[in-house]
Amino acid sequence: MNKSDLIERVADEAGMTKQVTGIAVEGVFSATAEGLARGEDVTVVGFGKFSTTSRPARTGRNPRTGEPVPVGPSTTVSFKAGKALKEALN
């Protein structure tokens with residue numbers, strides 16, 4: 001499912017237009033990204049929790065030459081599924 005499929009599905013369930021639903025979905029994604037960028041966890045009860053994880057600097061390898069390559073520190077997003085989502089999948 002891609003974003004346009006998601007918008008269509010939500011619009012059908014909510015009885016809203018795709019245009020209004022698209023704005024709402026974009027708002028949810030934007031608010032989630034902004035919260036994570038500030039270092040906050042984003043929890044949606046029954047769905048799951050988005051949080052950030054810091055990765056330290058490390059030495060990687062160039063796969064072509066095998067030479068060591070420095071890889072800088074980075075921040076990534078992790079997701080932990082909530083109980084209701086896990087139960088819906090199983």
Side-chain angles (χ1 to χ4, degrees):
M1 177 182 294
N2 59 31
K3 186 165 40 171
S4 60
D5 294 337
L6 176 65
I7 290 169
E8 187 173 335
R9 197 104 174 251
V10 172
D12 289 343
E13 285 192 31
M16 298 169 29
T17 66
K18 289 181 188 176
Q19 184 176 9
V20 172
T21 305
I23 293 168
V25 168
E26 281 296 325
V28 170
F29 291 155
S30 177
T32 301
E34 288 172 11
L36 291 170
R38 287 192 302 267
E40 299 171 357
D41 292 345
V42 178
T43 304
V44 180
V45 177
F47 185 72
K49 177 180 173 182
F50 295 91
S51 59
T52 57
T53 304
S54 297
R55 291 183 179 172
R58 62 185 175 84
T59 302
R61 294 252 174 228
N62 180 330
R64 205 173 273 191
T65 64
E67 292 181 36
V69 177
V71 177
S74 64
T75 302
T76 187
V77 176
S78 61
F79 176 75
K80 183 175 181 183
K83 183 179 178 183
L85 179 59
K86 288 178 186 177
E87 287 174 357
L89 296 175
N90 291 319

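Counting begins at 1 with the first residue of the sequence.
Residue V44 is not grouped with residue V10 when hydrophobic side chains (ILVMFWY) are merged at heavy-atom distances under 4.5 angstrom, including chains of intermediate members.
A pairwise comparison of heavy atoms in R64 and N62 identifies N-OD1, 2.8 Å as the closest pair. Pairing each heavy atom of I7 with each of K18, the nearest pair is CG2-O, 3.6 Å. Taking all atoms of both residues into account, the shortest heavy-atom contact from S78 to T53 is OG-OG1, 3.5 Å.
Residues that satisfy the side chain to side chain contact (heavy atoms under 4.5 Å, CB included) test with R9, not counting sequence neighbours, are M1, E13. In this structure F47 satisfies the ring-ring contact (aromatic ring centres under 6.0 Å, His included) test together with F79, sequence neighbours excluded. Taking the salt bridge (Lys or Arg N to Asp or Glu O under 4.0 Å) definition, one finds that K3 meets it with E26, sequence neighbours left out.
Atoms CD1 and OG1, from I23 and T17 in turn, are 7.5 Å apart once rounded to the nearest 0.5 Å.
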When the side chains of residues 32-43 are checked against the rest of the protein, which donor-acceptor pairs come out under 3.5 Å, sequence neighbours left out?
{"from": "T32", "atom 1": "OG1", "to": "V28", "atom 2": "O", "distance (Å)": "2.8"}
{"from": "E34", "atom 1": "OE2", "to": "S30", "atom 2": "OG", "distance (Å)": "3.3"}
{"from": "R38", "atom 1": "NE", "to": "E40", "atom 2": "OE2", "distance (Å)": "3.2"}
{"from": "R38", "atom 1": "NH2", "to": "E40", "atom 2": "OE1", "distance (Å)": "3.3"}
{"from": "D41", "atom 1": "OD2", "to": "K49", "atom 2": "NZ", "distance (Å)": "3.3"}

For residues 83-90, which side-chain donor-acceptor pairs fall under 3.5 Å, sequence neighbours excluded?
{"from": "N90", "atom 1": "ND2", "to": "K86", "atom 2": "O", "distance (Å)": "3.2"}

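Sorted by first and then second residue, the ring pair (Phe, Tyr, Trp, His ring centres under 6.0 Å) pairs involving residues 52-78 (not counting sequence neighbours) form an empty list.
The closest side-chain heavy-atom distance from R55 to P73 is not below 4.5 Å.
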